[in-house]
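A quick note: this is a predicted structure, and the numbers were derived from the prediction, not measured. Each chain gets a letter, A, B and so on, in the order the sequences are listed, and its residues count up from 1.
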Amino acid sequence: MAGSSYDALVIGAGHNGLACAAILAKAGQKTLILEANETAGGLAGTREFTAGFSAPMAHSAAALPKTMIDELKLSSYGLEVGPALETVGLSEDGQHVHVIGDTVTGATDADAAAYPEYRAKLQRYAKVLKPIWEATLPRIGASSLKEALIYAQGALKMRMLGKEDMSEFLRILTLPMRDLVDEVFEDPKLQAVLSWDGLIGSKMAPRSPNNAVLPMLLRLGGVHGGDHMVPKGGMGAITKALLAAAQKQGVEVRFGAPIKKVIVEGSEAGQKATGVELVNGEIISAPKVISSADPKTTFFDLVGAPAFDVQFASRIKRLRAQGYVARFNAALSGLPDVPGLDGLSGRYIIAPSFDAIEFAFDDAKYGDASQHPVMEVTFPSVHDASLAPEGKHVLSAHVMYAPHDERSDWSHDARIRFTKAIGDALERHMPGIGSLIIQAELLTPKDIAADYHVAGGHWHHGEMALDQMLMMRPTYHAAQYSTPLQGLYLCGAGTHPGGGITGLPGRNAARQILR
Amino acid sequence: MTTKPSMKAFTEQVTELPPGLSPVDNYAGERLMTSPFHERQAALNLRDSWEAWNGYKFANHYYDVEYEYICIRNLCGTYDITPMQKYLIEGPDAEAMLNRMVTRDVNKLKVGRVTYCCWCTDEGRMIDDGTIFKLDEGRYMLTSGSPSNAWLRMAAFGFENVTYVDKTDDIGALSFQGPMTCEVLKKMGFEGIDTLKPFGIMHFPFAGDTIMISRTGFTGDLGYELWITADKGLELWDALYEAGADYGIQPYGEAATSMARLEAGFILPYVEFAESLKTVHFKHDQTPFELGLGWLVDFKKPHFSGRAALLEEKKRGPGYVLTKIEIEGNKPAEESHLYRDKACRKEIGWVTSAMWSPVVKSNIALAMIQPKYLSGDIWAEISYKKEMKPRWKIAKCTVVDKPFYTPARAKATPPPKF
Amino acid sequence: MKHYDAIIIGAGHNGLTNGAYLAKAGLDVLVVEKNDYIGGAAVSREMTDGYWYSSCSYVCSMMRQVIHRDLNLTRHGLMLVPYLGTAAFGKQGETMLSYTAEGPAYNEIRRISQHDADAMSRLMADLERYSTLIRKTLLRTPPDPTSFKPRDIMELLFLAKTFWEMGEEQLYEYIRFFTMSAAEFLEDYFENDFIKAAMATPGIIGTALGIYSPGSAYILLHHVMGDVDGNIGAWGLARGGMGAISNALAGALQEHGGEIKTKAGVDQIMVKDSKVKGVVLENGDELTSDIVVSNLDAKRTFTKVMDQKDLPPGIYEKANNFKIRGSSGKVNIALSGVPKFTGVPDNRYINRGGQAFIGGLETLERAYDCWKRGEWSSDPFIESVIPSAWDPTVAPAGNHWMSNFIQYCPPKLADGPWTPEKRDAFGQTVIDKIERHAPGFKDLIVHMEVRTPHEIENEVGLTEGNIFQGELTIDQLLFNRPFPGYAQYRMPVKNMYMCGSSTHPGGGVSSACGANAAREILIDLKKPNTVPEDDCYDD
């Protein structure tokens with residue numbers, strides 16, 4: 001079926017692809033989404049890892065902004081924002097640290113007293129950045145005054161913080177999580193918990209400067225101001241609502257339609273992307289091809305590096321996008337009884353201190369999986385009973401650090417070793433959980449790369465580091481959602497503002513394309 | 001014999017030797033590499049005038065710059081271009097890779113032909129210029145003035161079926177230039193060499209090996225470049241000098257080359273252009289359009305590295321253009337500033353290289369000039385010395401369209417006997 | 001007792017520079033120093049007969065030449081000698097030698113990797129571009145980005161213009177460079193691990209960051225932006241040791257009537273009615289002055305020699321949070337001859353300069369891991385120089401003194417405080433590593449002095465022995481140094497200033513901090529500004 005009956009093709013039905021398509025379609029663009037897998041969601045989707053048990057790839061959402069929910073009227077498509085989840089720093093002795101809203105319990109009084117102010121401060125900064133996240137950031141050399149306005153607005157908002165606050169903002173922006181948190185708090189578990197959201201998904205440890213605070217502030221821009229939540233009915237509800245919203249706007253979605261390549265046509269007028277060829281050989285044309293795949297996959301696998309200038313391709317090649325987080329899903333015969341915890345609806349962090357995270361990272365940076373991994377655990381089936389057979393449950397964990405390019409290339413032994421280390425940590429903090437596990441699945445970054453078509457298996461499609469953020473995400477000359485290849489656009493997490501279930505890259509891309 | 005630096009650990013080179021044996025050269029690392037022709041050239045370099053080029057030792061001049069220059073125009077001479085970087089690029093994707101890298105359309109190049117080309121950064125600033133030899137389908141030799149391994153690696157990224165090998169140390173290369181060159185080569189028995197057209201390539205058996213001869217050069221005169229396996233270098237040299245003895249064959253160095261190339265209007269790195277990747281300051285490098293090399297940029301190609309930026313540059317028009325000028329008087333206008341008015345109030349450009357041309361009896365120069373002032377008066381402020389005393393003068397300049405010296409023999413096939 | 005216009009605490013190079021400029025402007029200046037010798041960390045001391053150790057800082061490339069000229073330092077005995085020829089050692093005993101001439105230098109890298117030899121020129125151009133840019137800011141007072149004062153806005157515009165002149169693409173590249181790790185930055189250029197490691201080592205010197213920690217690329221620049229006579233990246237030795245710099249500065253100070261008082265440790269800065277009044281010495285003497293300038297690091301200034309109640313709220317906490325981490329050690333060795341390094345030819349040019357005992361990138365990173373755990377690495381990074389190969393004044397003829405700088409060395413050990421035994425064990429680790437590359441080295445040792453952060457802090461007064469007086473991370477650079485709002489050398493108490501490396505532009509024997517502080521003081525006193533804002537480089 002050749003022919004150009006579409007205005008736009010969107011590659012990938014992850015949350016960004018869906019958001020992008022929905023907005024394009026709303027503006028009258030005839031849009032087709034092509035998804036390789038059989039379901040929508042991508043890395044925000046749900047996977048059945050063993051018969052009858054499913055787990056969401058992202059088990060909670062912090063960053064989903066109200067803007068997205070409102071603009072796409074996601075509530076009318078069934079999305080109901082869940083309550084804020086408490087984040088719990090687990091302790092082997094049952095003296096856990098609980099963080100929710102402005103409240104910290106289980107740490108010292110001084111820590112508890114300091115937390116509201118600390119949180120308020122970060123939220124003020126998050127607010128300054130909100131318009132930045134929600135706009136296309138023009139090139140620094142933006143030729144039009146209107147484009148450059150966003151920077152002026154940003155500067156103005158920053159100045160409006162007041163002298164003291166603005167200086168502090170400029171100072172903390174590049175702090176490592178350890179320094180940021182250590183200046184205020186003293187309890188090691190609380191310190192680890194509070195640094196967690198700056199580090200998760202990154203190739204970074206508490207001592208790494210420059211790159212943690214900005215992503216954390218992005219996450220603070222979510223509906224609960226940084227607290228995580230699971231929508232009613234589970235994480236799947238976000239994808240469901242986005243898909244429904246897109247389809248309602250007339251977006252066509254084809255599942256099981258993996259793409260072989262983006263078609264590039266060259267002439268004396270230059271070259272441009274004119275459509276895609278599916279793996280099955282089918283060719284679909286459209287004047288706009290919008291990829292929610294990560295930049296490396298898009299530029300190298302779908303188009304091919306030779307279509308780009310030498311230095312541009314080289315910059316994409318050296319984009320740091322190596323996943324360091326593994327997913328661990330377990331089917332449970334029942335919920336564990338964790339001393340000191342009342343119910344298991346929260347987010348549980350197993351990382352007793354900065355050093356525990358730091359040292360786990362040290363193993364990984366040389367290419368070994370952490371001997372003592374640190375992790376974030378949830379029980380998705382508590383929020384969405386459909387994920388497991390009745391009476392049974394699902395445990396989901398983001399485990400750090402698991403290098404993509406493991407020295408042993410994730411041999412069978414290495415996987416067993418790592419799984420055992422995860423099991424040990426879980427057992428120590430949730431005694432008895434070992435006997436509840438019926439079946440478990442370990443997804444290393446390498447597996448994530450293969451199953452979700454993400455180069456390097458990086459959650460965020462590229463390290464959320466200062467040199468790869470803002471008007472440099474993924475790199476200059478491709479940071480305004482358009483690419484050097486005419487007709488090809490990006491709308492995935494590899495673009496501004498980056499990873500996390502925000503839908504903002506997709507939204508911003510659609511708005512920019514429509515402009 | 002090349003003395004390529006050993007890949008062995010340095011430890012082995014400096015191990016103490018038993019007494020009685022010659023001591024280890026503790027300065028080996030300080031010494032430049034030498035070309036396959038070095039032994040003969042060193043004997044002829046009466047002035048011990050050496051320079052460094054890409055880690056090689058090569059001659060500035062051998063005897064007398066003017067004499068060597070006149071040999072190029074009058075007799076024939078050899079110039080050792082071994083240090084020039086030579087890369088063998090092979091594979092089904094070789095053409096596509098070169099096409100991505102250079103601004104010219106390599107598709108048009110036929111087997112057995114050579115083309116001059118340049119390559120640019122994404123911003124369209126010139127990295128280097130060089131020549132591409134199409135040796136066979138899917139088999140090319142690229143030459144460049146500066147080492148290009150790092151850039152080639154970047155440019156080859158994304159192509160599965162292409163390899164590039166640095167052959168610089170393996171191939172001895174001599175540029176053989178001057179009106180008598182064809183005669184000498186004929187005398188050496190390279191039959192049919194007189195039928196070789198400019199930018200053509202021929203292969204001949206030589207010393208149990210094959211010699212490649214291309215009708216190329218950097219002098220604007222009749223001339224050839226000879227390419228041979230490094231260990232056959234001395235044999236080639238001896239054969240060439242034996243055949244050339246009656247034709248006044250003479251080695252010449254960098255200084256004479258620089259004169260000849262200026263008359264031909266050719267550019268030199270770090271004289272006319274700064275290699276973009278080594279440039280510190282913004283826009284202190286150049287685009288091909290600024291260097292008058294717009295004809296090398298083929299926008300009919302759908303893509304090559306720097307295309308988008310160069311298209312904009314073309315639309316916008318370059319800020320300066322490399323221009324050939326003749327200047328009144330006989331004082332070379334080296335490092336002169338150029339003005340629109342004799343009072344030197346409005347600066348419009350500068351001279352990149354200048355000399356008194358002995359063959360055309362003219363004071364010639366290459367200069368970067370703002371294009372909008374090309375049609376008006378151009379004045380050069382020339383500093384010179386008269387027996388140590390500094391002097392300066394304001395001289396009128398005239399723009400010249402054609403290369404200063406273009407002997408018909410350079411293009412004639414077969415070339416005339418003299 | 002005599003009343004001074006200004007008292008400067010600490011006779012390190014910045015304190016002396018500050019004092020010299022103030023004295024030159026006609027102020028009655030006193031520099032007080034706790035030790036019985038001047039120089040702080042820019043010092044030469046005869047620790048054993050005939051051997052003069054530059055016991056702390058040991059090479060010099062950042063000294064601003066305009067200050068050198070302004071203060072007549074040559075006349076006061078200072079001569080900077082550029083040195084050449086360094087050898088880097090890899091973990092398999094491989095070497096990389098640095099030759100001064102372009103051809104041999106190229107061939108040397110080519111011996112290891114053809115690709116990297118080709119890429120080197122691009123790195124050098126990029127580093128020079130970044131250096132040229134940063135250099136312009138060294139002698140300028142950082143603007144306050146929150147301020148609307150014309151001077152701050154003009155200064156911000158100056159910075160913006162300076163950066164803008166790089167061109168847009170380079171600006172992006174610069175931002176990348178500024179925020180990346182040294183190792184990852186060099187990935188863009190090189191393929192060979194040893195070359196990467198050798199080029200990356202300046203990125204960790206003196207800092208509590210690893211070679212893979214984001215931000216270390218800037219530290220790399222901080223070390224290579226220095227120059228000797230405009231040759232960016234060149235290093236020099238002060239004839240007579242680093243103390244010659246301090247002595248020359250002291251000479252300049254005294255020439256203009258300034259005074260120096262040694263063995264005069266400050267116990268407390270006197271504050272009355274939110275104004276400084278002078279200092280109380282450790283012996284109880286009170287010295288009064290209109291102005292007090294602290295050349296101590298920010299943490300020491302506000303937490304040791306000031307009373308918390310004299311400070312506005314928040315400052316004490318800021319000082320406490322100021323990141324000043326001990327990460328380096330120093331081993332000074334007197335030698336009876338020149339060591340013979342395996343793989344280094346007996347070349348009179350090469351064998352005279354510095355040695356870098358590196359290993360590979362992983363060696364460097366693992367050494368950092370040890371530091372994080374409160375240990376020292378058994379395979380540390382050592383940067384050595386044998387100044388006596390150049391300087392006849394620092395060791396008896398035919399003998400030598402070797403300066404060895406070690407990264408990393410923890411300020412506190414996991415198993416308790418530093419003891420003389422542990423210090424010696426640390427020193428042993430260092431000479432063991434050198435011995436591996438120079439068999440017979442240990443036999444040449446005449447005398448050895450080991451300095452861990454503990455010793456450096458005790459003697460020089462640098463908190464934790466941090467050589468930069470505070471980490472050079474973005475949160476503590478430019479207008480954030482030492483703390484936001486106090487980057488213009490004026491401190492929260494009236495008439496009090498800071499002039500040490502805790503202020504912009506940070507560590508290194510540049511004298512820029514001291515000069516910049518003098519400028520601000522003179523501006524406040526409404527005196528003609530005699531401190532240059534630009535070094536004498538033609539554009």
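- For the atom pair OG of A:Ser208 and OH of C:Tyr212, the computed distance is 13.0 Å after rounding to the nearest 0.5 Å.
- Around atom CG of C:Asp415, more than 12 heavy atoms belonging to other residues, nucleotides or ligands sit under 6.0 Å away.
- Between C:Glu471 and A:Arg207 no salt bridge is recorded (no basic side-chain N to carboxylate O distance below 4.0 Å).
- By the 4.5 Å heavy-atom criterion applied to side chains, A:Ile140 and C:Phe163 are not counted as neighbours.
- Ranked by heavy-atom pairs under 4.5 Å with chain A, the first of C:Asp188, C:Leu209, C:Thr473, C:Asn320 is C:Asp188.
- Residue contact with chain C, scored on non-hydrogen atoms closer than 4.5 Å, involves the side chain of A:Lys203 exclusively.
- Ranking C:Glu187, C:Arg325, C:Gln476 against chain A, the residue ahead of the rest is C:Arg325, based on heavy-atom pairs under 4.5 Å.
- With a threshold of 4.5 angstrom between heavy atoms, A:Arg159 approaches chain C through side-chain atoms but not through N, CA, C or O.
- Of the listed residues (A:Ala155, A:Pro209, A:Pro176), the greatest number of heavy-atom pairs within a distance under 4.5 Å of chain C belongs to A:Pro209.
- Summarising the geometry, atom CZ belonging to A:Arg171 is positioned 13.0 Å from atom CZ belonging to C:Phe479; distances are rounded to the nearest 0.5 Å.
- Remark: C:Thr179 OG1 to A:Met472 CE distance equals 6.5 Å, nearest 0.5 Å.
- Note that the CG atom of C:Asp475 and the CG atom of A:Leu170 stand 11.5 Å from one another [nearest 0.5 Å].
- For chain C, no part of A:Met158 is nearby; none of its heavy atoms comes within less than 4.5 Å.
- The structure places CZ of C:Phe148 at 9.0 Å from NZ of A:Lys163, a figure rounded to the nearest 0.5 Å.
- At a 4.5 Å heavy-atom cutoff, C:Leu477 makes no contact with chain A through either its backbone or its side chain.
- With a threshold of 4.5 angstrom between heavy atoms, C:Lys323 approaches chain A through side-chain atoms but not through N, CA, C or O.
- Interface residue C:Glu169: backbone and side-chain heavy atoms are both found under 4.5 Å from chain A.
- Between A:Asn210 and C:Pro214, the shortest heavy-atom distance links the atoms ND2-C, 3.9 Å.
- Remark: the backbone N or O of C:Leu171 is not paired with any side-chain donor or acceptor of A:Tyr476 at under 3.5 angstrom.
- Chosen from A:Ala205, A:Ser167, A:Ala465, A:Gly162, the residue pairing most often with chain C at heavy-atom distances under 4.5 Å is A:Ser167.
- Heavy-atom pairs under 4.5 Å with chain C were tallied for A:Asp179, A:Leu466, A:Leu175; the largest tally goes to A:Asp179.
- Around the NZ atom of A:Lys127, the shell of radius 6.0 Å holds no more than 12 heavy atoms that belong to other residues, nucleotides or ligands.
- Looking at A:Gln311, there are no atoms closer than 4.5 Å to chain C (heavy atoms on both sides), in backbone or side chain.
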(request) Please assess C:Met180 against A:Arg320 for the test side-chain contact (heavy atoms from CB on, under 4.5 Å), listing each intermediate value before the final yes or no. (result) CA-CA 11 Å; C:Met180 282 177 88; A:Arg320 283 169 291 123; 4.1 Å; yes

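- A salt bridge is defined here as a Lys NZ or Arg NE, NH1 or NH2 lying under 4.0 Å from an Asp or Glu carboxylate O, and C:Glu184 with A:Lys365 fails to meet this definition.
- Proximity to chain A (any heavy atom under 4.5 Å) is shown, for C:Ser181, by neither the backbone nor the side chain.
- Only the side chain of C:Tyr368 comes within contact range of chain A, with heavy atoms under 4.5 Å apart.
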(request) For A:Thr174 and C:Phe178, run side-chain contact (heavy atoms from CB on, under 4.5 Å): C-alpha distance rounded to whole Å, both residues' side-chain angles, the deciding distance at 0.1 Å, then the answer. (result) CA-CA 11 Å; A:Thr174 56; C:Phe178 216 79; over 6 Å; no

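- Figure legend: cation-pi geometry between A:Arg139 and C:Tyr172 absent, as NZ or CZ is not positioned both under 6.0 Å from the six-membered ring centre and within 45° of its axis.
- By the neighbour-count criterion of 12 heavy atoms within 6.0 Å, atom CD of C:Glu191 is densely surrounded, having more than that number from other residues, nucleotides or ligands.
- Counting non-hydrogen atoms of other residues, nucleotides and ligands closer than 6.0 Å to CD of A:Glu186 gives a total above 12.
- Ion pairing between a basic and an acidic side chain is recognised when a charged N comes within 4.0 Å of a carboxylate O; A:Glu358 and C:Arg373 show no such pairing.
- For the options A:Lys317, A:Arg407, A:Glu168, A:Met204, heavy-atom pairs under 4.5 Å to chain C are most numerous at A:Arg407.
- Taken to the nearest 0.5 Å, the CG atom of A:Asp355 stands 8.5 Å off from the NZ atom of C:Lys372.
- If you tally non-hydrogen atom pairs under 4.5 Å between each of C:Thr146, C:Ile175, C:Asn480 and chain A, the highest count goes to C:Thr146.
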